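Note that the coordinates shown come from a computational prediction; the quantities given were computed from them, not determined experimentally.
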Amino acid sequence: MFLGQYSPAPYPFLSSKRNRILDHQNDKIISNRMSTTPITVNEIRNETPGLMPLLPLLYIAWADAVLSPSEVKLITAQIKGMDWLTPREQEVVQEWTNPAEPPVPPLLNSWVSLIRRYSDGLDVHTRQSIVDLSLNMAAAGTQQVEKKWTSQGAREALEKIEEILGHVALKDYENFFSEEELRKQREKVDKVAAFDVEKMTQLLDGEKANLKKRARALLADPEFKVTHFRDKEVYRKQVLQWCHYLAQQGFGKLHFPESVGGNNSISQYAAVFETLGYHDLSLTIKFGVQVGLFGGSIMALGTQKHHDKYLKRVGDLDLLGCFAMTETGHGSNVRNCETTATFDVEKQEFIIHTPTNLARKEYIGNALHGRMASVFAQLYTKGECHGVHAFLVPYRDDEGNTLPGIRVEDCGYKLGLNGIDNGQFWFNQVRIPKENLLDRFGQVAEDGTYTSPIESQSRRFFTMLGTLVGGRVCVPIAGLSAAKSGLTIAVRHALNRRQFGPEN
């Protein structure tokens with residue numbers, strides 16, 4: 001990674017209107033803020049000079065294009081304790097440590113340009129502490145800045161941040177030095193493989209390589225450390241926290257429409273889902289249930305009013321939900337499921353009901369953590385059945401209490417994937433508003449009249465299911481990732497294992 005060559009993932013949000021274009025002639029730096037006044041290198045030195053010693057560490061933190069949950073938590077705590085920073089400096093540094101708004105490449109390159117002016121005296125070969133470089137920058141500033149940053153507390157805070165960041169990659173450290181010194185370093189690099197590993201990874205990852213790289217960087221964070229959980233409740237709590245971390249990085253809305261903050265890209269969602277398959281499969285499936293099935297059903301089967309009301313909350317994990325399609329008595333035969341949704345013309349409500357015990361919704365992921373379900377049921381109006389439709393059914397209040405008429409039971413321990421809170425549902429004459437019908441393919445008027453753009457009930461049913469196929473494709477993709485992980489483990493073990501003892 002060298003100046004002028006830094007090119008982290010071309011994520012869609014990096015080209016948003018919040019980011020400004022770098023004007024090299026005027027020495028302007030891209031700002032992530034809504035402010036109409038761009039920041040220049042001179043303004044950093046003059047308006048917010050106290051931030052200069054933080055630039056080397058902030059650059060290292062963002063070098064992989066991800067500021068991970070533990071880094072955000074710990075770095076933010078250290079910076080908040082820097083009471084010598086002005087309110088303006090605190091405001092700017094908060095913007096630069098927002099995981100949802102990574103600094104764009106020109107901004108990072110401008111940081112490096114400024115850092116290089118103060119890197120003289122550091123030895124690239126011995127790789128001195130980044131803190132030393134930070135304090136060099138403080139000493140080169142005004143007397144007031146130097147005084148603030150030369151206290152023992154300031155050094156300890158910088159050293160703590162450096163400790164949080166861990167081992168600094170050589171390529172990131174080298175970026176702080178001159179082109180001539182870098183050229184010498186490149187000539188000394190030992191070839192440890194017959195091919196360029198990074199280029200091979202780029203090739204295998206395909207067009208979504210940079211997005212997968214971001215996901216891998218996040219999963220490598222200590223907050224995502226995989227542990228063998230014996231208690232399913234502890235495991236489920238950890239998996240839910242992981243899902244929230246993914247949502248904080250914007251991964252929960254990749255396939256949602258741009259109107260709700262998404263990228264409208266099922267392929268980007270699939271790329272992240274594939275990468276999750278290398279980590280923990282309980283996380284993979286739970287995340288898929290939340291944003292792929294629950295959110296996907298709202299997106300594919302609902303209309304704009306449903307999108308506007310729910311999708312952003314689903315993608316941000318502010319509204320946890322589940323996908324209640326499967327029934328105990330019918331399994332995959334969804335077309336003949338028994339759950340009913342009967343329209344009450346007088347009250348303008350649908351009545352959701354489980355007519356038999358075998359009609360209970362079975363093995364529903366996110367059932368214990370969720371608040372709302374996409375329930376598939378036979379739609380009845382004016383005494384006529386119009387086939388299976390999806391309905392949004394709230395089943396818990398904001399305090400987590402199960403709503404009247406609804407029964408939810410835990411499926412308990414399973415042979416695997418115990419980090420997923422699978423459950424069963426029964427509905428006893430549960431009433432929901434008329435607008436909770438996901439009505440893209442079938443509408444009910446106030447007088448109970450049913451209409452649909454697809455006349456044939458069979459065609460309508462298969463069209464509805466067809467809109468959900470994209471999410472189903474993701475499951476075998478993640479399965480391949482798990483298989484690759486298993487193969488890697490087996491090959492590594494085979495290289496070290498010896499079948500027989502030493503020869504006599």
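- Residue K382 qualifies as enclosed at atom NZ: its count of foreign heavy atoms under 6.0 Å is above 12.
- Under the 30°/60° scheme for interplanar angles, the aromatic rings of F273 and Y269 are found to be tilted.
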Requested in this report: Using the side chain to side chain contact (heavy atoms under 4.5 Å, CB included) rule, take V430 and I351 through it: C-alpha gap first, then chi angles, then the decisive distance, then the call.
Outcome: CA-CA 5 Å; V430 176; I351 304 171; over 6 Å; no
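- A distance-only check finds a donor-acceptor pair linking the side chain of N422 to the backbone of Y363 [under 3.5 Å].
- C243 SG to L317 CG: the interatomic distance, rounded to the nearest 0.5 Å, is 6.0 Å.
- Using a 4.5 Å heavy-atom cutoff, the side chains of L165 and I75 are in contact.
- Remark: L311 CG to D316 CG distance equals 10.5 Å, nearest 0.5 Å.
- Distance OG1/T303 to CD/Q443: 8.0 Å, rounded to 0.5 Å.
- Enclosure of atom NZ in K414 by more than 12 non-hydrogen atoms of other residues, nucleotides or ligands within 6.0 angstrom is indicated.
- Between F391 and H389, the ring planes lie tilted relative to each other; the angle falls in the 30° to 60° range.
- In terms of heavy atoms, S259 sits closest to Q304 at OG-NE2, 3.8 Å.
- Ring centroid separation for the pair F343 and F350 comes in under the 6.0 Å cut-off.
- With rounding to the nearest 0.5 Å, the separation of CZ in R216 from CG in L219 is 9.5 Å.
- The minimum heavy-atom distance between A359 and T339, with the atom names listed, is O-OG1, 3.4 Å.
- Ring geometry for H279 against W242 counts as perpendicular: the plane angle is over 60°, on a 0 to 90° scale with 30° as the lower cut.
- Between N436 and P394 the shortest heavy-atom distance is ND2-CD, 4.0 Å.
- Under the 3.5 Å distance criterion, with hydrogens and angles disregarded, a donor-acceptor pair is assigned to the side chains of T328 and R360.
- Put simply, CG on L240 and CG on L320 are 6.0 Å apart, with the number rounded to the nearest 0.5 Å.
- Side-chain contact between L57 and I60 is absent, with no heavy-atom pair separated by less than 4.5 Å.
- Minimum interatomic distance between S70 and D221 (heavy atoms only, all atoms of both residues): OG-OD1, 2.7 Å.
- Note on D410 versus K232: salt bridge recorded, some NZ/NE/NH1/NH2 to OD/OE distance being below 4.0 Å.
- K286 and H369 are linked by a side-chain donor-acceptor pair at a separation below 3.5 angstrom, with hydrogens and angles left out of the test.
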Requested in this report: Go through F376 and L301 one step at a time and tell me if the side chain to side chain contact (heavy atoms under 4.5 Å, CB included) criterion holds.
Outcome: CA-CA 11 Å; F376 287 75; L301 302 179; 3.9 Å; yes
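- Here the side chain of H306 pairs a donor or acceptor atom with the backbone of L437 at under 3.5 angstrom.
- R460 contributes atom CZ, which lies 10.5 Å from atom CZ of F441 (distance to the nearest 0.5 angstrom).
- Using a 4.0 Å cut-off between charged nitrogen and carboxylate oxygen, K361 and E327 count as a salt-bridge pair.
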**Report entry** Test side-chain hydrogen bond (donor to acceptor under 3.5 Å, both in side chains) applied to D280 and Y235, step by step
**Finding:** CA-CA 11 Å; D280 180 280; Y235 194 0; 2.7 Å; yes
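- Between the D397 side chain and the G400 main chain, a donor and an acceptor come within less than 3.5 Å of each other.
- The shortest distance between side-chain heavy atoms of H255 and M299 falls below 4.5 Å.
- Ion pairing between D421 and K237 fails under the 4.0 Å rule for side-chain N and carboxylate O.
- Residues Q424 and V408 are not in side-chain contact: their nearest non-hydrogen atoms beyond the backbone lie 4.5 Å or more apart.
- A distance-only check finds a donor-acceptor pair linking the side chain of N98 to the backbone of A100 [under 3.5 Å].
- Using a distance-only test at 3.5 Å, with no hydrogens or angles considered, a donor-acceptor pair links the side chain of Q290 to the main chain of V314.
- In this structure, V393 and M372 have side chains that are not in contact, with every pair of non-hydrogen atoms separated by 4.5 Å or more.
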Requested in this report: Given side chain to side chain contact (heavy atoms under 4.5 Å, CB included), test C322 with I364 step by step and report yes or no.
Outcome: CA-CA 7 Å; C322 57; I364 309 303; 3.6 Å; yes
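- For the residue pair S267 and S265, a side-chain donor N or O sits within less than 3.5 Å of a side-chain acceptor on the partner.
- Between L246 and L283 there is a side-chain heavy-atom pair separated by less than 4.5 Å.
- Closest non-hydrogen pair, L465 versus M325, comes out as CD2-CE, 3.6 Å.
- The closest side-chain heavy-atom distance from R214 to Q249 is below 4.5 Å.
- Look at K213 and D205 and you find no salt bridge, because none of the NZ, NE, NH1 or NH2 atoms lies under 4.0 Å from a carboxylate O.
- Electrostatic pairing of E71 and K73 does not count as a salt bridge here, judged by no charged N lying under 4.0 Å from a carboxylate O.
- Between the side chain of Q94 and the backbone N or O of E89 there is no donor-acceptor pair closer than 3.5 Å.
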Report task. Just do the side-chain hydrogen bond (donor to acceptor under 3.5 Å, both in side chains) check on N428 and T354 with the steps written out, would you? Result -> CA-CA 6 Å; N428 185 10; T354 304; over 6 Å; no
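- Between K253 and N263 there is no side-chain heavy-atom pair separated by less than 4.5 Å.
- Between E223 and K225 there is no salt bridge, since no side-chain N of the basic residue sits under 4.0 Å from a carboxylate O of the acidic one.
- Aromatic ring orientation, Y450 versus H386: parallel (interplanar angle below 30°, classes split at 30° and 60°).
- Not one N or O on the side chain of E349 forms a donor-acceptor pair closer than 3.5 Å with the backbone of I432.
- K199 NZ: 12 or fewer foreign heavy atoms inside a 6.0 Å radius.
- A distance-only check finds a donor-acceptor pair linking the side chain of S481 to the backbone of E274 [under 3.5 Å].
- For the pair G315 and A247, the tightest heavy-atom approach, listed with the atom from each and the gap, is O-CB, 3.5 Å.
- Counting heavy atoms of neighbouring residues, nucleotides and ligands inside a 6.0 Å radius, atom CZ of R431 exceeds 12 of them.
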Query raised in the report: Are L51 and R88 close enough, and set up right, to give a side chain to side chain contact (heavy atoms under 4.5 Å, CB included), and what steps lead you there?
Result: CA-CA 10 Å; L51 295 184; R88 171 65 172 154; over 6 Å; no
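- The backbone N or O of L368 sits less than 3.5 Å from a side-chain atom of R396, completing a donor-acceptor pair.
- Counting non-hydrogen atoms of other residues, nucleotides and ligands closer than 6.0 Å to NZ of K212 gives a total above 12.
- With hydrogens and angles disregarded, no donor-acceptor distance shorter than 3.5 Å links the side chain of N366 to the backbone of G370.
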